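In what follows, a structure is listed as structure tokens, so that the remarks can point back to it.
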Amino acid sequence: MSLDIVKLAAFAKEQGFIYPGSEIYEGIAGVYDYGPLGVELKRRLADLWWRAMVQLHENIVGLDSAILMHPRVWEASGHVEAFHDPMVDNKVSKKRYRVDTLIEEYAQRLEEKARRETEKKLRKKGAPLHRLEEEVQQQKDFQRAQLLKDRLSQALARKDWAALTSLLQEEQIPCPESGSTEWTPVRQFNLMFSTHLGPLAEEAQEIYLRPETAQGIFVDFPLVLRTGRLKVPFGIAQIGKAFRNEIVARQFIFRMREFEQMEMQFFVQPGTEAYWYEVWKEKRLRWHLHLGLKPELLRFKDHEHLAHYAQAATDIEFAFPFGFRELEGIHSRTDYDLSRHAAFSGKRLEYYDETQAQSYVPYVIETSVGLDRLILAHLSQGYTEEMAPTAEGGEELRIVLKIHPLIAPIQVAVFPLIRKEEFVQKARLLYEELRFFFMSAYEEKDSIGRRYRRYDAKGTPYAITIDGQTLEDETVTIRDRDTLQQVRVPMSQVRAYLGERLEVAHWLRTL
RNA sequence: GCGGGAGUAGCUCAGCCGGUAGAGCAUCAGCCUUCCAAGCUGAGGGUCGCGGGUUCGAAUCCCGUCUCCCGCUCCA
């Protein structure tokens, strides 16, 4: 399984889709660059998202907020708290845990055990079970659990990691995996990147690179509302970079330290959020399917443990080479964010609803796609090794990137069948015309078969060849990447032929 | 951070019982080619991850170090 992702990464690098970051300096873990083909793919996917979300919805507008935001934003959003997890490693099992969940779960197990035993005791004595809650307070495991939780919350409040280290030690908290009680010291992981605002390090204020783009939308909510003449329900969409200091950034571009999100926050009247949640689940899934992701490789996965801001949450998961993983999150965020920002900023972040004749803090439905993950999904689904016929009548392995024509970095390639002046001239002429409309390429080197294969690997859906017949009747062949079938089309109709297949409007109309 | 794997040409790798680097593909120039890659001729390209040690001599042996990849936690 994981071998496939290594192979895909090598392919992506070789073809110029994705390079390891800073490679000549031996690389930098979890950071990747988009090469000439990758940047096209990325721009196209982002563009199709933008058009489907903003251009096609009269009640959705765009935004491009800054990566740097006021530090209080991240206190209000809950990230300062949630993203500073103290962690420990177990020396025997080599597993890493968040200290708080480790201790809480242990305490919970103790409580459950206490309840079971107290219940058994009560049954034995024939005492009424309604006294269970009262009796269990006296049980020693239960009391120990309470003590653990107290000490945990005290240490967390003081950010006293040494105290947590000794708590683990003194209370002999076992590793759920190995049962071992040998722990490394507790260390804090800060998942947010910090930097300094102001050039003088001593005087500068520490600020964060945004860990998600959503907060820019919430913070600008009153401004967009005022200038956009918007009425609930309405949405604000944004594409942009976000940064997370992942403990381990792995699996190629699946989890990167610097990544790009495409988010849309949809503001609705409280009470209607369940309806809109369903609407957006359906719309977003349809968008992915319309771009050619296979239904059997997509699924919804509802969250069992909800984040601090969420009322309901589901993921659109994609079957990556390493398994089903989150591609897009659709969350019902309630009024959490706007209310928090209202509280922290002291500003009123309410909406006056004329039809209701009242003000309220709108509820929010969020759709959030990882653009890099989306790219990985299309690359991994599209990467195909298959047998193809050879000139000698045999079969040979062909590597072809079967991605949707609309997102292909190079949409059409033009070849003269042979490198003779008449062929070359005509081919150049056609290429130079087509490039006004499509991302085009021209190639005259190597045999025709070889050129086809080269562009197959780049995902180019159409290849046009100028042959002997072109010189006689001005027709060319257009060859399809996936079927290898050719059609003969008059030179004058090539643009229309390609337009039907590569025009974004057609795609939007059928969405 | 812990465990595992790996660093030699742009790519895939060989060379590793020490004697001063090689293949295929790719690239470039030319020739040949009338529809599905690897035909011919020629050319360019390597501080063998980095540092130190042993040795007359290290890609090869020893020590150290760095980086990347995979797994563990988390998420877009």
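Everything quoted here is computed from the prediction, not taken from an experiment.
- Taking the ring centroids of A:Tyr208 and A:Phe193, they lie at or beyond the 6.0 Å cut-off.
- Using a 4.5 Å heavy-atom cutoff, the side chains of A:Val31 and A:Met256 are not in contact.
- To the nearest whole angstrom, the two C1' atoms, one in B:U20 and one in B:G15, are 14 Å apart.
- Relative to the six-membered ring of A:Tyr497, A:Arg501 meets both conditions, a distance below 6.0 Å and an angle of at most 45° to the axis.
- A:Tyr32 has a side-chain polar atom (N or O) that falls below the 4.0 Å cut-off from OP1 or OP2 of B:C69.
- Counting any heavy atom pair closer than 4.0 Å across all strands shown, A:Phe415 reaches no nucleic acid atom.
- Residue A:Thr477 is classed as a base contact, given a heavy-atom separation below 4.0 Å to a base.
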Please evaluate residues A:Tyr442 and A:Glu432 with respect to the criterion side-chain contact (heavy atoms from CB on, under 4.5 Å), reporting the C-alpha separation (whole Å), side-chain torsions for both, the decisive distance (0.1 Å), and the verdict. CA-CA 9 Å; A:Tyr442 169 82; A:Glu432 277 161 25; over 6 Å; no

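- Aromatic ring centroids of A:Tyr363 and A:Phe267 lie 6.0 Å or more apart.
- Relative to the side chain of A:Arg454, the nucleotides B:U34, B:U27, B:U73 differ in distance, and B:U27 lies closest.
- Between the P atom of B:C72 and the CZ atom of A:Phe322 lies a distance of 11 Å, rounded to the nearest Å.
- The aromatic ring of A:Tyr452 is not stacked on the base of B:A37, since the criterion of ring centres less than 5.5 Å apart with planes inclined by under 30° is not met.
- Atom name P, nucleotides B:U27 and B:G10: the rounded distance is 14 Å, in whole Å.
- Taking atom CD1 of residue A:Ile418 and atom P of nucleotide B:G39, one finds them 18 Å apart after rounding to whole Å.
- Here the P atom of nucleotide B:C35 and the OH atom of A:Tyr455 are 20 Å apart, to the nearest Å.
- When ring centroids are compared, A:Tyr452 and A:Phe415 come within the 6.0 Å threshold.
- Between A:Asp335 and A:Glu273 the shortest side-chain heavy-atom distance does not fall below 4.5 Å.
- A:Gly329 comes within 4.0 angstrom of sugar-phosphate atoms only, judged by non-hydrogen atoms across all strands, and of no base.
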With side chain to side chain donor-acceptor pair (under 3.5 Å) as the criterion, how do A:Asp473 and A:Thr475 come out once you've worked through the C-alpha distance, each side chain's angles and the decisive distance to 0.1 Å? CA-CA 6 Å; A:Asp473 65 6; A:Thr475 60; 2.7 Å; yes

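- Sorted by first and then second residue, the pairs that involve residues 370-382 of chain A and meet side chain to side chain donor-acceptor pair (under 3.5 Å), not counting sequence neighbours, are A:Tyr34-A:Asp372.
- The aromatic ring centres of A:His57 and A:Trp280 sit less than 6.0 Å apart.
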So A:Thr477 and A:Arg488, side chain to side chain donor-acceptor pair (under 3.5 Å) or not? Walk me through it. CA-CA 4 Å; A:Thr477 62; A:Arg488 190 161 276 281; 5.4 Å; no

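- Looking at residues 459-467 of chain A, you'll see A:Thr465, A:Asp467 sit with a heavy atom under 4.0 Å from some atom of RNA chain B.
- Across B:A76, B:C70, B:A37, the shortest atom-to-atom separation from the side chain of A:Glu326 is found for B:A76.
- Across B:U8 and B:C16, the matching C1' atoms stand 11 Å from one another, rounded to whole Å.
- Spacing of P atoms, B:C17 relative to B:U60, comes out at 11 Å, to the nearest Å.
- Checked by distance alone, A:Arg244 brings a side-chain donor or acceptor within 3.5 Å of a matching partner on the base of B:A76.
- A salt bridge is defined here as a Lys NZ or Arg NE, NH1 or NH2 lying under 4.0 Å from an Asp or Glu carboxylate O, and A:Lys402 with A:Glu386 meets this definition.
- Annotation: B:G22 and B:G4 have their C1' atoms spaced 31 Å apart (nearest Å).
- When the nucleotides B:C75, B:U33, B:A76 are ranked by their closest atom to the side chain of A:Ser368, B:A76 comes out on top.
- Exactly one of A:Tyr32, A:Phe11, A:Phe17 qualifies for a ring pair (Phe, Tyr, Trp, His ring centres under 6.0 Å) with A:Phe252. That residue is A:Tyr32.
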For nucleotides 28-30 of chain B, give me every protein contact, N/O to N/O, under 3.5 Å, one pair per line with atom names.
none

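- Computed from coordinates, the A:Phe320 CZ to B:C70 P distance equals 14 Å when rounded to whole Å.
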Taking only Watson-Crick and G-U wobble pairs with both distances under 3.5 Å, what dot-bracket line describes RNA chain B, where [ ] shows pairs that cross earlier ones and | shows pairs with another strand? ((((((((.[[[[.)...(..]]]].(((((.......))))).....[[[[[..)....]]]]])))))))....

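- Contacts of A:Leu397 with the nucleic acid, taken as non-hydrogen atoms under 4.0 Å apart, include base atoms.
- Judged by a 6.0 Å distance limit and a 45° cone about the ring axis, A:Lys458 is positioned over the six-membered ring of A:Tyr455.
- Rounded to whole Å, atom C1' of B:C35 lies 11 Å from atom CZ of A:Arg453.
- In the region residues 480-495 of chain A, proximity to RNA chain B at under 4.0 angstrom, judged on heavy atoms, holds for A:Leu484, A:Gln486.
- Residues A:Gln238 and A:Ser65 meet the side-chain proximity criterion, which asks for heavy atoms closer than 4.5 Å.
- Taking atom CZ on A:Phe259 and atom C1' on B:A76, their separation rounds to 5 Å, with Å as the unit.
- Judged by atom type and distance alone, A:Arg479 does not reach the base of B:C35 through any side-chain donor-acceptor pair under 3.5 Å.
- Atom CZ of A:Phe252 and atom C1' of B:G71 are 18 Å apart (whole Å).
- Judged by the 6.0 Å distance and 45° axis criteria, A:Lys281 is positioned over the aromatic ring of A:Phe300.
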Please lay out, stage by stage, how A:His331 and A:Gln311 fare under the test side chain to side chain donor-acceptor pair (under 3.5 Å). CA-CA 8 Å; A:His331 298 173; A:Gln311 182 184 62; over 6 Å; no

Contacts under 3.5 Å, N or O only, protein and nucleotides 8-10 of chain B:
none

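- Among the heavy atoms of the strands lying under 4.0 Å from A:Leu327 are primed sugar atoms or P, OP1, OP2 only; no base atom is included.
- Comparing B:G71 with B:A9, their P atoms are spaced 26 Å from each other, to the whole Å.
- Atom P of nucleotide B:U34 and atom CZ of A:Arg451 are separated by 12 Å, given to the nearest angstrom.
- Comparing the C1' positions of B:C50 and B:G7 gives an interatomic distance of 11 Å, to the nearest angstrom.
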